[in-house]
Asker: 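Sharing a structure with you now.
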2 protein chains.
Amino acid sequence: MSVKHGLLALLCEGPRYGYELKSAFEARTGTTWPLNVGQVYTTLARLERDGLVARDGEDPEGHALYRVTATGTREVEDWWSQAVEREAPPRDELAIKLALAVGLPGVDARDVLQRQRTATVRALQTHTRKKKALPAGDTAASLVLDALVFAAEAEVRWLDHCEARLSRARNGAR
Amino acid sequence: MSVKHGLLALLCEGPRYGYELKSAFEARTGTTWPLNVGQVYTTLARLERDGLVARDGEDPEGHALYRVTATGTREVEDWWSQAVEREAPPRDELAIKLALAVGLPGVDARDVLQRQRTATVRALQTHTRKKKALPAGDTAASLVLDALVFAAEAEVRWLDHCEARLSRARNGAR
DNA sequence: CACCGCATGTAACGTGTTACATGATTCA
DNA sequence: TGAATCATGTAACACGTTACATGCGGTG
């Protein structure tokens, strides 16, 4: 839904062509989420099929323009007006992995925790570095990286919390 | 990848049949991620196609058992030994949405922030309530809910951070 | 009897990903 | 000239989701 609605939202600014949409999408997210061009075209094809966008001739340079339809506009407005659903949370691979790890005899959950913590801290550093390298004034990209930083920090906190829980359980068991 | 590896990991405990896997998976995650039975069978079919599991006769009650193969065992061991990749983060719909919102003229980013904050706080409450309702001693389920709580808290903090940034930008602009 | 939980699947679809094919333009 | 970037697509595939079909067994 992110790509689909993202492209749709960008098209609300005015007609664009495929490659332009890819660039715009990446620019807004500070290249945090590079977008394969192919996906832009397949997504546009699906949006066209569903009547949310329509081809709109060519620009002076001969690029195939797309514009958003009335239905598409409504769809975007709905998107803006509704919160991203986090109550029925998407399957979190890490949470599932650890939930299984603590219950399986052959797996050392502490090892899994350790490794994940190292990786997450490294990711945190990567995001921080990327943020510093950001051109000043790019609010959108800066906020995106902040989101990743906040999420990674929370993950580290959670991993430490898990560690503590497992240690307590271990000591309590003897 | 979560479901696939999750089922594989569960099968490492010993042969199981489809419905049993569904129950086990849900039990470990405290029913946080209910698993459609259909998906269990399609996933098992794909795992069988790829040689990671194999049919293993029937149990005394006539259930179609699956067991993990040598290749499958290796795959699971790899999974345990590798951290969940968060450096190339999955597309985060909320982050993308806000990154686009701050740059688009027709959209009030503060409104979007407000609505999202309300929804996230509500989700936080839901998770807390669910955690209280948990039977004592279910470590795995408890940790899963903690993960959601930590993530939601981080999201609220980030939303507030965004608000502050936007307010500053607004005042700085006049 | 009717309903529910257990049990095994199949079919169709949505989103996303990669790889490939093709051609124009620009630039060292 | 050769490489990189711009530009438009197609094909095949992975994962996940929902809905549907079908049958068994127990319980109110």
Asker: If we count only N and O atoms by modelled type, under 3.5 Å, do the side chains of A:Tyr66 and A:Arg55 hold a donor and an acceptor together?
Answerer: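 A:Tyr66 vs A:Arg55: donor-acceptor pair found between side chains.
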Asker: Should the pair B:Glu13-B:Arg28 be classified as a salt bridge under the 4.0 Å nitrogen-to-oxygen rule?
Answerer: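 Salt bridge flag = yes for B:Arg28 with B:Glu13.
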Asker: Remaining members of B:Val156's ILVMFWY cluster at a side-chain heavy-atom cut-off under 4.5 Å?
Answerer: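 B:Val121, which link up through side-chain heavy atoms under 4.5 Å apart, make up the rest of the cluster.
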Asker: Measure CD/A:Glu61 against C1'/C:dT26 and give the value in whole Å, please.
Answerer: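 In whole Å, C:dT26 C1' lies 15 Å from A:Glu61 CD.
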Asker: So, A:Thr29 versus B:Arg91: side-chain donor-acceptor pair below 3.5 Å or not?
Answerer: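 Result is no, nothing qualifies.
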Asker: Quick one, A:Glu26 with A:Thr31, criterion side chain to side chain donor-acceptor pair (under 3.5 Å). Give me CA distance, side-chain angles, the key distance, then yes/no.
Answerer: CA-CA 5 Å; A:Glu26 288 180 348; A:Thr31 65; over 6 Å; no
Asker: Which word best sums up how the rings of A:Phe150 and B:His161 line up, parallel for under 30°, tilted for 30 to 60°, or perpendicular for over 60°?
Answerer: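 Tilted: the ring planes of A:Phe150 and B:His161 meet at 30° to 60°.
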Asker: Kindly give the heavy-atom pair with the smallest separation between A:Arg86 and B:Ala123, and that separation in Å.
Answerer: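 Minimum heavy-atom contact is O-CB, 4.3 Å.
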Asker: Output the residues of residues 13-50 of chain A in contact with DNA chain C, where contact means a heavy atom of the residue under 4.0 Å from an atom of the strand; sort by number or write none.
Answerer: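 Per residue number, the list reads A:Asn36, A:Gln39, A:Arg46, A:Arg49.
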Asker: So, B:Asp160 and B:Arg117, do they make that salt bridge, N to O below 4.0 Å?
Answerer: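 Counted as a salt bridge, because a side-chain N and a carboxylate O are separated by less than 4.0 Å.
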Asker: Rounded to whole Å, please give me the gap between NE2 in A:His63 and C1' in C:dT25.
Answerer: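 Whole-Å distance recorded here is 10 Å.
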Asker: Mind checking which nucleotides bracket the chain A contacts on DNA chain D, 5' to 3', with an atom under 4.0 Å from a heavy atom?
Answerer: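 Range of nucleotides touched by chain A: D:dC6 to D:dT17.
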